[in-house]
Participant: 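I'd like to ask you about the structure that follows.
Naming: A, B, ... by sequence-line order, numbering from 1 per chain. Below, all heavy atoms of this structure are taken into account, side chains as well, without hydrogens, waters or symmetry copies.
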Amino acid sequence: MITKATTHVTQNEALVFERSQNGRRGYRLPALDVEETALDELLPAELRRDDDLEGVPELSEPDVVRHFTRISTWNYNIDLGLYPLGSCTMKYNSRLNEKVARIPGFAGLHPLAPEEDSQGALEVMYELQQHLAEITGLPGVSLQPAAGAHGELTGVMMIRAALDARDGTSSDEAKRRKVMLIPDSAHGTNPASAHLSGFTVKTIRSTPEGLTDLDHLRELCGSGAVAGLMLTNPNTCGIFERNIKEICAVVHEAGGLVYMDGANMNALVGVARPGDMGVDVIHLNLHKTFSTPHGGGGPGSGPCCCTAELEPFLPVPRVTADGETYRLEYDRPQSIGRVKAFYGNFGMHLRALAYILTHGNDGLREATEAAVLNARFIADGLADTFDRPFDSPPMHECLFTDKRQSRKGVHTLDIAKRLIDYGFHPMTIYFPLIVQGAMLIEPTESVGRAELQQFVDAMKEIAREAVEDAETVLGAPHTTRIGRLDEAAAARKPVLRWRPAERAAGA
Amino acid sequence: MITKATTHVTQNEALVFERSQNGRRGYRLPALDVEETALDELLPAELRRDDDLEGVPELSEPDVVRHFTRISTWNYNIDLGLYPLGSCTMKYNSRLNEKVARIPGFAGLHPLAPEEDSQGALEVMYELQQHLAEITGLPGVSLQPAAGAHGELTGVMMIRAALDARDGTSSDEAKRRKVMLIPDSAHGTNPASAHLSGFTVKTIRSTPEGLTDLDHLRELCGSGAVAGLMLTNPNTCGIFERNIKEICAVVHEAGGLVYMDGANMNALVGVARPGDMGVDVIHLNLHKTFSTPHGGGGPGSGPCCCTAELEPFLPVPRVTADGETYRLEYDRPQSIGRVKAFYGNFGMHLRALAYILTHGNDGLREATEAAVLNARFIADGLADTFDRPFDSPPMHECLFTDKRQSRKGVHTLDIAKRLIDYGFHPMTIYFPLIVQGAMLIEPTESVGRAELQQFVDAMKEIAREAVEDAETVLGAPHTTRIGRLDEAAAARKPVLRWRPAERAAGA
Amino acid sequence: MRYIPNSPEERLEMLRGLGLGSAEELFDSLPPDVLLKRPLDTPVALSEPELLERFEAMAAKNAAARRPSFLGAGAYSHYAPTIVDSLIQRSEFFTAYTPYQPEISQGTLQAIFEFQTLVCQLTGMDVANASMYDGSTAMAEAVLMAERVTRRTRVLVSPAVHPEYMRVTETYVAHAGIELGRLGFDEDAGRTTFDAAQLDKTVAAVVVQSPNFFGCVEDVKSFADAVHAAGALLVVVVTEAASFGLLRSPGACGADIVVAEGQSFGVPVSYGGPYVGLFATREKYARQIPGRLAGVAYDKEGRRGFVLTLATREQHIRREKATSNICTNEGLIALAATIYMTTLGRQGLQEVAAQCAQKAAYARRQIGALEGFSVPHSAPVFNEFVVRAPSDAAALLRKLASGHNVTGGLALGRYFPGRPNDILVCVTETNKRADIDALVAGLKEVQS
Amino acid sequence: MRYIPNSPEERLEMLRGLGLGSAEELFDSLPPDVLLKRPLDTPVALSEPELLERFEAMAAKNAAARRPSFLGAGAYSHYAPTIVDSLIQRSEFFTAYTPYQPEISQGTLQAIFEFQTLVCQLTGMDVANASMYDGSTAMAEAVLMAERVTRRTRVLVSPAVHPEYMRVTETYVAHAGIELGRLGFDEDAGRTTFDAAQLDKTVAAVVVQSPNFFGCVEDVKSFADAVHAAGALLVVVVTEAASFGLLRSPGACGADIVVAEGQSFGVPVSYGGPYVGLFATREKYARQIPGRLAGVAYDKEGRRGFVLTLATREQHIRREKATSNICTNEGLIALAATIYMTTLGRQGLQEVAAQCAQKAAYARRQIGALEGFSVPHSAPVFNEFVVRAPSDAAALLRKLASGHNVTGGLALGRYFPGRPNDILVCVTETNKRADIDALVAGLKEVQS
Ligand SMILES: Cc1ncc(COP(=O)(O)O)c(C=O)c1O
Ligand SMILES: Cc1ncc(COP(=O)(O)O)c(C=O)c1O
């Protein structure tokens, strides 16, 4: 029985371009208050636009408000309920933090304003750095990276720079340590970031338990030339790498450094610290663990935290403090340089600091416990119904597969689509890649018992349907304004922008 | 063909009481920062609650946000499109005005703060009064009434007081003019307000044209004892009372005063002024004509505007200005007194002033023209399909009936419900009462041509369905999360509050 | 005008489609002599930035809004969770109309039903309506209802109800054939008194406010039996809704009608409005209640929903015989209060009340101990109390404001010429100890 | 903790249900020696009012945020319609994730498709992606893409691109086997120069910014032919997106890749982020573009929808062979920019650009006429220009700030030690004539 959702009337809405009507105006400026100069005096005609912005929409303010309000209602979102995307940590986005980020003294502050007149902003960044250092156990922090992958790039480049400095290989291509080890379960951004930083990626096998294969790691480390390891912990199967200390030791002995992908820190905050495990550098996803809104795909923030040894290689500028005053420090000769203009996604720094201060140290641990508990609750509830590839106890997310259902021709994608009819956003599917038909479920701490149970019941219902009424599952979703879209066709003949040709029946 | 809407998955949500879980907390106060006194010292036990607020919900912040976000999605609203409720003027509610009302210097100002420290607020009220006086042509203005009906009560009581002062009947029940004339087409609040003010209501017939019957008016005025007339203009049929000057003259000659219900001022702003027509006192609905949000049923604001002769009778305090400073004036011996604590719904005054200043004098007239034009467009589009009880040209709203469709057993209510499937909010139905099966359609200026056409097409489709497929119309709506509710049963055994007994399958 | 979708060109086309040559012709049904032949004499249009600047400049003149304040007297400063304002700003809520079409208004209807239930729980009553304009009009409507229920015409009101509520009630009943009488007041206790003799068979209701206007908690229970014995209704008025979290509910004290101002529940003081009136009564009087009511209803499939019900009381149907003329009420403010009550919840509402009482007690002790100042009333208070100053209160408060940047309270002379030196001081959870100490220090200084 | 629905009691019950005795046991899979055995050394929890106070206090220390300012240089102050921020605060937008499930993410997907189209229209290109982190990383990605497309390894960059963009690009290409060369600069004109000789067959791309960092509009067209003749790509960088409303589009000037900072489109300067990078190119390079792309797709019933497409370029599938490592981009900021562009619209975008140019011209005239000051560059400008002061720029600006409460611009010495006396002044529609006149008066005064 579907308890969480039903169907209701919903508005259609064309593209803004299809809605546009010549002569409509949505905004008005104050009148120009200086003597007007003839355009030709300002700019010769050949430097000026000559297309009168043909095609750019013309709408009134109510048109715009209705357009975006209508299409917004087509989105599932955290405020509608459980959003169990594994690896994404879709936790509650506090309104308070949104308010904080909009305080005029922050929102209206120009990044190139004199430091003495930006002390409040620098204090925010400095304090956040301090707290992230304490949470990760890694003292060196840069808030500059704009997202997780950006943080990876930064961290891996720091490893590059640190090794070159240590081995004196900055200018000696040949002798350079070039091999970055990455488990086969890793997120795609890991190898991509390593590649961008000039490393060649070697893949480490996972054990049947879903852990990094230590022997394979040793073997690969033996080959020499190992620059380091990129490890996610808990890993993307939701399992804590219990050999983490040994793993780090092996890499260190081989002369490499250990990068930790901190995407899953929501399982560890206040409970264990990467710095205490032997990790050299990590990135955090403030838009996951620290609740800054995902925004339909960003903005994020991916601070890097590292050991004292790696600190000299962090991006410039650094935010430092001498006594009462905060400074932007540029004079860091060993720094990898800048990875972004200005200082990172400051608006996200504000929200993350607000998150940390609102929770307090006990609240941070409480959130971790609640997140892991919720994942355990689901793992337990679904244990008899779905195949669990690994039986190690899950941390903040639990992994299942479609093994049992696929025998009946019902696959992970179908189960995910059918969940939509039950009123849920599906879990992360087909990730990690090493697990066939993976379903990675991360409830986070932000959902209550009743809804967790609803989810478990829905999944069991779907499993039952898979047996008794596969068609219903295969044809899902049945309750949405559009059905499954033909993504293959879309990729074959990509239409990536609107052109007047495609005008549809507009509103 | 239904173009405006389709169906989509929507969340279910129980009552907050059904969602409540012991021990959940949604808010936290700063710690008490003074020495604590024993409760018994503060208040003897018998004066204190002893029920521990049994039954009051316990929810976390995300629970609350999800609860209200989910149920909100069940509402149709202006930002989803045309909301053609006749007589309600559902126009665009500007976000800018919402921002203005939340400026801390206004939102945080206590009503009993010293006048010298509240000059900005008094200036807002004073300036709004000036503009409303100019728009209505009636110089005396009070912003105290909280809604239209409240404004009626205020205005009618002013008539009572003015007549008593003029006729010296304050203390002479017998001689008092007691009869308030009200057209049969009037809104129910008119007779209710007149009654509250101690008047006996006499009803004036409407002519076949949908206008006030002048002869009947004369006849009733002949009877003497006439205190006044409450007239809506344009009237509730959407027709301008073209004899308005004569109507006022007749009433004045009979020694009565003329009250105008200004609910339909959106047809007149910048085009014609009640003061120039002979009206003595009027109320405006800032939540209609001046776009302050309806809020699902308020707050509203119903300022009263009157002639210089009636000014002494306006409620106290008055907001006045001497030179640069604004004052609250209480010394008005002839005033009817207070109708509300403090000064009215100030937050709405702010929004209405913002509306007036954003439009500018030309924009105000432009809005009126656009509103009337939109109504005409619909009247024209539906003329051949639906019965028009009166053929006088409509102003800002147009009136139709179900005469033709009811022959097939399809009535106004069915047409309204079917409109929901077409993605529209229905028009006002069964009002005015004098027109059987009335459908009163007011598009306002806030909707574009394409959507007006969609509405016309939808109405025509429904007319066609009424003939070819009556069942579909009679069973409507078919696309909403719940169907037609049994209102008769609800009124027979009213359940007006939740009690633990009714606990439903909660979320 | 950017709020009008159809452009001037589009409107011309539409006019042509209707066979009209110009917008003027839209008004041909108006006699020429009523047409305004000139542009309105109101300002020209302002752009967004200009408008905001204009209002910011006016707001800046409201110096009082920037000061720590101890003003109460019917409008109270309380912390409001951020989510209250963000949720009521969802257009689904604030741009919707009265829920006359339940199938597409269930959000509003369910919220009203929740509001009604919460009001019943806090007041200890059986039935509550969807809201009144504010506490003052709610009191007036209660008096009118008492007359309808009892068919009696005298109403005895405590002299310690909010003076503005009294004024409003006087206006409302002026033509309803109701005579308002006064109960007594014990100046030492700070409480309402009455002698049973007043309670004859003509009395429709007795109206008391608790905490009363002077902050003292009335012994409401002590009134109930006598009032009921006389066949009259006991109407209890509450201006500070936060007190529900600590004080015995009026229902538990025998009230027949409870009216209250709900502003304390997450609504900004906003220079006096919009606020929200709470109105609750006993089951047996449900059909005499003014205003809207939401109730449970079911569709053919047995699905639960909510509708506006018992509309036969209302003016749409009853016209002049309606229980009230109220139509639009305070929907969105009632929603804000509902979200506030839900967020604070069972424990939070009690904490707020407790902190108010604790901080008020602290302030009262400090001020009472000041040389030259006294706290005249002996009855227990909630979060307001009267302070008797050694000199003119208004002058003293002006000095406090200018010299110490604090609004010290309300000079009661404004309402009671006989109390030139009295100040009504209100303390809530938002007043920090430091502010209280500063007030005390200020009082000490300005009078010496 | 009030953000956690399950109460401590509920969690205990859940633990018991799982056969666990305490929360600690949830972490039994962690070796004891990695467990943190003490509470985190971070502050204790703050309530809402305390938190807001804390941040308000920090914000108050940002004096610069309260001053009229003529700072630009990559972050621009423009008026943003109120509806931009209110619409992006709908939880449907800001709390949603990347639209991996199109059936319940069409709102986000359609908005991305509209964003892509608008970016194409303004830049004059065929294809745009769903956004990059910001303008600087977009430039770096453009350089990497040019290498992929041309398989060449030298990239010539104008010395007049934003210095921070240059630094970021240097970091990005450090290990990509790409060598960055420099074009020339004509100090009198204030424009980039290059001699065809530099353009050998190793050159993958030529990168120019227009308006360039010094505010001068480059004659982009004049580069195109030579660059294309050499088989290289022309990459055009734009830091001030408002200029699209007035200047010939890069596409029309022959650009192959256009990257821009979109912050000007309704996004607060917010101390440097979050902003949004625009990335557009020609049809033929579509499959080489970094980042996400939304495209049209249809369901079985032929209903149009939108999906993320061409994912085979991305790291989820391509791993290390991906066109980029970017995953999360700047979705919500791209949405804000989309709403801004839609609200301003065809006419509004042109008006903003025109007002910027007009006001900058006015300011430039006034300052240029000042005794001791000069405007060294002769090329036409959009809304920024260099002012050469008679003395040290930084010192002079400090005096302006403290003495005249205005942030006069950027002391170029920060980036170019060789320009100690140069100030980069930016003027937008938000700078009132009075502010400009005050700046001029201030400059006059502080230097004499
Ligand atoms: C395990 C893991 N690593 C890295 C990333 C990339 O982070 P971002 O999307 O913020 O770039 C993600 C995001 O989904 C992830 O799940
Ligand atoms: C004609 C007319 N008069 C009076 C009113 C009452 O106004 P309010 O609901 O603001 O009290 C209305 C509201 O619907 C109305 O339409």
Side-chain angles (χ1 to χ4, degrees), chain A residues 26-27 33-34 43 53 56 58 68 71-72 74-79 93 103 105 107-111 113 117 119-121 146-147 149 188 191-193 195 198 272 293-300 337-338 341-342 345-346 360-361 363 369-370 372 448 480 482-483 485 490 494-495 497-498, chain D residues 1 5 23 26 34 40 42 44-45 58-59 61-65 71 87 90-92 94-98 103-104 106-108 117 133 136 164 167-168 171 175 268-269 271-274 295-297 299 303 305 315-316 319-320 322 325 327-332 343 345-346 348 362 380 433:
Chain A
Y27 194 67
D33 60 359
V34 301
L43 284 159
L53 286 182
V56 172
E58 300 175 70
F68 289 99
I71 68 175
S72 77
W74 306 341
N75 280 359
Y76 188 87
N77 64 87
I78 290 177
D79 287 357
N93 300 144
I103 295 173
L109 183 64
H110 193 285
D117 299 334
Q119 285 296 301
S193 301
H195 174 73
H294 280 87
R338 271 190 175 282
F342 309 125
N345 283 344
F346 179 71
N361 55 355
E369 291 175 356
V372 174
T480 47
I482 52 166
L485 295 163
V495 176
R497 64 168 290 187
W498 173 85
Chain D
M1 205 287 140
L26 291 167
V34 303
L40 280 173
T42 61
V44 297
M58 290 193 284
K61 297 180 192 163
N62 299 324
L71 281 171
L87 285 168
R90 283 186 59 84
S91 42
E92 288 83 346
F94 90 91
T95 78
Y97 191 65
T98 307
E103 299 88 346
I104 45 175
Q106 283 299 304
T108 298
T117 303
Y133 300 137
S136 68
E164 298 202 5
R167 294 293 100 64
V168 171
T171 307
H175 308 291
V269 285
Y271 206 56
V296 175
D299 70 5
R303 288 173 295 201
Q315 73 298 119
H316 305 284
R319 317 282 293 177
E320 58 265 43
N325 71 326
C327 181
T328 287
N329 52 33
E330 302 290 307
L332 197 70
T343 307
R346 184 178 185 169
Y362 171 82
R433 184 203 192 107

Participant: Let's test your reading of the structure: which of A/A113, A/G360, A/S72, A/G448 forms the most heavy-atom pairs below 4.5 Å with chain D?
Facilitator: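 That would be A/S72.
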Participant: Could you tell me which of D/A96, D/A65, D/P268 has the largest number of non-hydrogen atom pairs under 4.5 Å with chain A?
Facilitator: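 When all of D/A96, D/A65, D/P268 are compared, D/A96 has the most.
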Participant: Which residue out of A/V372, A/N345, A/D79 racks up the most heavy-atom pairs below 4.5 Å with chain D?
Facilitator: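 Of A/V372, A/N345, A/D79, A/N345 has the most heavy-atom pairs under 4.5 Å with chain D.
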Participant: So, taking the atom named CD in A/E58 and the one named CG in A/L53, what distance separates them when rounded to the nearest 0.5 Å?
Facilitator: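 With rounding to 0.5 Å, CD (A/E58) is 9.5 Å from CG (A/L53).
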Participant: Identify, with sequence neighbours excluded, every residue that meets side-chain hydrogen bond (donor to acceptor under 3.5 Å, both in side chains) alongside A/N75.
Facilitator: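 A/N75: side-chain hydrogen bond (donor to acceptor under 3.5 Å, both in side chains) contacts with D/T108.
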Participant: If you count heavy-atom pairs within less than 4.5 Å of chain D, which of A/G300, A/A370, A/S193, A/A107 leads?
Facilitator: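 Answer, by heavy-atom pair count under 4.5 Å with chain D: A/A107.
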Participant: Not counting sequence neighbours, which residues clear salt bridge (charged side-chain N to carboxylate O under 4.0 Å, His left out) with D/E103? List them please.
Facilitator: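 Checked D/E103 against salt bridge (charged side-chain N to carboxylate O under 4.0 Å, His left out); matches are A/K417.
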Participant: So which atom in D/E164 and which in A/F342 form the shortest heavy-atom distance, rounded to 0.1 Å?
Facilitator: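 So the minimum-distance heavy-atom pair works out to OE1-N, 2.6 Å.
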Participant: Can you say whether D/R90 sits under 4.5 Å from chain A via the side chain, the backbone, both, or neither, judging by heavy atoms?
Facilitator: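 Side chain only.
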Participant: Relative to chain A, which of D/T343, D/N62, D/V44 shows the most heavy atom pairs under 4.5 Å?
Facilitator: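 If we count pairs closer than 4.5 Å to chain A, D/N62 comes out on top.
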Participant: Most heavy-atom pairs under 4.5 angstrom with chain D, which of A/G363, A/G296, A/G337?
Facilitator: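 Between A/G363, A/G296, A/G337, the count favours A/G296.
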Participant: Which bit of D/L71 is near chain A, if near means a heavy-atom gap under 4.5 Å: side chain, backbone, both or neither?
Facilitator: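 When you check distances to chain A, atoms from both the backbone and side chain of D/L71 fall under 4.5 Å.
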Participant: Select one option (side chain, backbone, both, neither) describing which atoms of D/Y362 are under 4.5 Å from chain A's heavy atoms.
Facilitator: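 For D/Y362, side-chain heavy atoms alone lie under 4.5 Å from chain A.
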Participant: Any idea which of D/R167, D/M1, D/R303 has the most non-hydrogen atom pairs under 4.5 angstrom with chain A?
Facilitator: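 Ranked by contacts with chain A, first place is D/M1.
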Participant: Main chain of D/L40, side chain of A/N361: is a donor-acceptor contact present, judged purely on distance under 3.5 Å?
Facilitator: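 Here the side-chain-to-backbone pair exists.
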Participant: Can you name the nearest heavy-atom pair linking D/R433 to A/V34, along with the distance?
Facilitator: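 Closest pair (atom of D/R433, atom of A/V34, distance): NH1-CA, 3.5 Å.
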Participant: Quick check: closest heavy atoms across A/F68 and D/L87, and the distance to 0.1 Å?
Facilitator: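 For A/F68 versus D/L87, the nearest heavy atoms are CB-CD1, 4.0 Å.
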Participant: At a 4.5 Å cut-off on heavy atoms, which part of A/I482 comes close to chain D: side chain, backbone, both, or neither?
Facilitator: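 Answer is both: backbone and side chain atoms of A/I482 are under 4.5 Å from chain D.
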Participant: Heavy-atom pairs under 4.5 Å with chain D: which of A/G198, A/A149, A/P299, A/A490 has the most?
Facilitator: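 Counting heavy-atom pairs under 4.5 Å, the top option is A/P299.
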Participant: Side chain, backbone, both or neither: which part of D/T171 has a non-hydrogen atom closer than 4.5 Å to chain A?
Facilitator: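 Interface part for D/T171: both.
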Participant: Can you tell me which of D/S136, D/A23, D/S91 forms the most heavy-atom pairs within a distance under 4.5 Å of chain A?
Facilitator: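 Highest number of pairs under 4.5 Å: D/S91.
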Participant: Looking at A/A192 and D/N325, what are the two nearest heavy atoms and their distance?
Facilitator: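 In this case the closest contact between A/A192 and D/N325 is CB-CB, 3.6 Å.
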Participant: Taking all non-hydrogen atoms of both residues, which atom of D/E330 and which atom of D/P274 are closest, and how far apart?
Facilitator: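 Where D/E330 meets D/P274 most closely, the heavy atoms are OE1-CB, 3.6 Å.
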Participant: Return the CD1 to CD distance between A/I71 and D/E92, rounded to the nearest 0.5 Å.
Facilitator: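 If I round to the nearest 0.5 Å, the distance is 11.0 Å.
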Participant: Select, from D/V269, D/N329, D/I104, the one with the greatest count of heavy-atom pairs under 4.5 Å involving chain A.
Facilitator: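 Option with the greatest count: D/I104.
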Participant: Let's test your reading of the structure: which of A/A147, A/G105, A/P494 forms the most heavy-atom pairs below 4.5 Å with chain D?
Facilitator: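 The candidate making the most pairs under 4.5 Å is A/G105.
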